[in-house]
There are 2 protein chains.
Amino acid sequence: MSLKTYSVLMDTNAVAVAVRGDLDDPDCPTRQVIDRIGDKWSVLVILHLARGELRFTELRESVRGVTPKVLTRTLRALERDGLVSRRVYAEVPPRVEYALTDLGRSLIGPLDVLRAWAEENITAIARSRERYDVA
Amino acid sequence: MSLKTYSVLMDTNAVAVAVRGDLDDPDCPTRQVIDRIGDKWSVLVILHLARGELRFTELRESVRGVTPKVLTRTLRALERDGLVSRRVYAEVPPRVEYALTDLGRSLIGPLDVLRAWAEENITAIARSRERYDVA
DNA sequence: CCGTATCCCCTTAGATACTG
DNA sequence: CAGTATCTAAGGGGATACGG
């Protein structure tokens with residue numbers, strides 16, 4: 001098991017300086033990535049595949065609520081970006097295994113940072129929403 | 001200047017175990033957060049405000065391409081979630097200052113982790129897309 | 001200056017049915 | 001089993017104009 005550490009400068013100006021400049025470019029990497037994984041199912045699929053290979057139907061059942069059409073589109077997009085691999089076995093009935101690539105696995109860490117932040121702060125957000133909505 | 005470190009277990013199983021369980025809940029924190037900052041402008045606004053307070057028109061000009069209606073909606077949503085504060089000064093002409101709250105500032109780190117991943121891997125993604133599209 | 005009000009488009013996604 | 005086809009609905013986002 002490997003432990004990876006993300007070190008982030010929290011100084012506001014430092015972050016700002018690091019971040020500025022290309023942000024207004026529509027092709028800036030951050031915007032592209034947010035655009036891609038910001039949809040409804042991509043992150044969910046990635047985190048489910050973090051457990052290991054899954055077949056189409058297994059994914060459809062474990063990622064609850066997704067329809068086959070949308071799941072297919074999500075998987076194709078992830079495959080196109082090189083985050084997910086798709087292996088078809090010439091059998092009857094057909095078998096298709098989906099798995100994270102190395103690139104896909106490298107996203108788990110950053111997503112987990114976001115997940116940790118979300119879990120730590122979701123109650124604060126919820127309380128803020130209540131306060132806002134009554135007013 | 002403070003330095004904050006994010007330590008993430010990269011072992012696939014460990015991450016998976018940590019992540020599973022509530023993911024299928026539509027109200028799971030991670031899904032809620034992705035839903036909120038996954039739109040087109042929120043992350044951009046947050047990172048611009050990381051530099052410091054900005055007025056409405058300043059934001060509109062620095063976040064290029066956003067229309068006033070959409071910017072307003074984005075800011076209202078961020079304010080509702082407690083990530084951004086809105087201060088109105090009773091002056092003529094009116095002055096409204098937007099700034100990150102403590103909660104909002106605490107998001108900069110995680111977003112910066114994502115930004116770093118994006119910049120490190122965007123070329124790999126682009127190459128993957130080309131390979132996929134010719135085939 | 002700081003927004004609202006309209007109108008329109010387009011994408012995303014859900015429901016349902018069907019096929020190699 | 002692993003998808004595709006078709007239809008529809010919802011809303012996010014853009015353009016433009018106007019108001020306190």
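Proteins come first, then strands; the chains are lettered A, B, ... in the order of their sequence lines, and each starts at number 1.
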Practice problem: Taking heavy atoms of chain B and a 4.0 Å limit, find me the 5'-most and 3'-most nucleotide of DNA chain C within that range. | Solution: C:dC1 to C:dC7
Self-check item: Taking every non-hydrogen atom, the tightest pair across B:Pro110 and B:Ser106
Solution: CD-O, 3.3 Å
Within the 4.5 Å heavy-atom criterion, are [X] and [Y] side-chain neighbours or not?
X        : Y        : result
B:Asp112 : B:Leu47  : no
A:Thr30  : B:Leu114 : no
B:Ile37  : B:Leu111 : yes
A:Leu100 : A:Leu107 : no
A:Arg115 : B:Val33  : no
B:Asp133 : A:Arg80  : yes

Exercise. Find the distance between CG (B:Leu49) and CG (B:Leu54) and round it off to the nearest 0.5 Å.
Key: 5.5 Å
Show me, pair by pair, the donor-acceptor contacts under 3.5 angstrom made by side chains of residues 71-78 of chain B, not counting sequence neighbours?
| from | atom 1 | to | atom 2 | distance (Å) |
| --- | --- | --- | --- | --- |
| B:Thr72 | OG1 | B:Pro68 | O | 2.9 |
| B:Thr74 | OG1 | B:Val70 | O | 2.8 |

Exercise. Using side chain to side chain donor-acceptor pair (under 3.5 Å) as the criterion, list what pairs up with A:Ser42, not counting sequence neighbours.
Key: A:Asp39
Practice problem: With sequence neighbours excluded, tell me which residues meet side chain to side chain donor-acceptor pair (under 3.5 Å) with A:Arg60. | Solution: none
Quiz item: Of all the nucleotides listed (D:dG3, D:dA15, D:dG13), which has the minimum atom distance to the side chain of B:Lys40?
Solution: D:dG13
Could you list the donor-acceptor pairs under 3.5 angstrom formed by side chains in residues 81-88 of chain A, with sequence neighbours left out?
| from | atom 1 | to | atom 2 | distance (Å) |
| --- | --- | --- | --- | --- |
| A:Asp81 | OD1 | B:Arg129 | NE | 2.6 |
| A:Asp81 | OD1 | B:Arg129 | NH2 | 3.3 |
| A:Asp81 | OD2 | A:Arg36 | NE | 2.7 |
| A:Asp81 | OD2 | B:Arg129 | NH2 | 3.3 |
| A:Ser85 | OG | A:Ala99 | O | 3.4 |
| A:Arg86 | NE | A:Tyr98 | OH | 3.1 |
| A:Arg87 | NE | A:Tyr89 | OH | 3.2 |
| A:Arg87 | NH2 | A:Glu53 | OE2 | 2.6 |
| A:Arg87 | NH2 | A:Tyr89 | OH | 3.0 |

Quiz item: Which residues within residues 73-96 of chain B lie with some heavy atom under 4.0 Å of an atom in DNA chain D?
Solution: B:Arg73, B:Pro94
If you restrict it to nitrogen or oxygen atoms, what contacts under 3.5 Å exist between nucleotides 6-10 of chain D and the protein, and what is each distance?
none

Exercise. Please step through side-chain contact (heavy atoms from CB on, under 4.5 Å) for the pair A:His48 and A:Val45, ending with a clear verdict.
Key: CA-CA 5 Å; A:His48 274 276; A:Val45 167; 5.8 Å; no
Self-check item: Residue whose nearest DNA chain D nucleotide is more 5′ - B:Gly38 or A:Arg55
Solution: A:Arg55
Quiz item: Under 4.0 Å between a side-chain N or O of A:Thr72 and OP1 or OP2 of D:dA2?
Solution: no
Quiz item: Between A:Thr57 and D:dC1, does any side-chain N or O lie under 4.0 Å from OP1 or OP2?
Solution: no
Quiz item: If you find the nucleotide of DNA chain C closest to A:Asp39 and the one closest to A:Pro68, which residue's nucleotide is nearer the 5' end?
Solution: A:Asp39
Exercise. Just jot down the side chain to side chain contact (heavy atoms under 4.5 Å, CB included) partners of B:Ala124, sequence neighbours excluded, or say none.
Key: A:Leu103, B:Arg127
Self-check item: Five-pair end axes of the helix from C:dC1-D:dG20 to C:dG20-D:dC1 and the angle they enclose, rounded to 10°
Solution: 50°
Quiz prompt | Nucleic acid contacts of residues 128-135 of chain A, taken as heavy-atom distances under 4.0 Å to DNA chain C | solution = none
Exercise. Please identify each residue that fulfils salt bridge (charged side-chain N to carboxylate O under 4.0 Å, His left out) with A:Glu97, with sequence neighbours left out.
Key: A:Arg95
Quiz item: Is B:Asn121 reaching over with its side chain to a backbone N or O of B:Trp117, donor-acceptor style, under 3.5 angstrom?
Solution: yes
Quiz prompt | Rounded distance in Å - CG (B:Leu71) to P (D:dG12) | solution = 16 Å
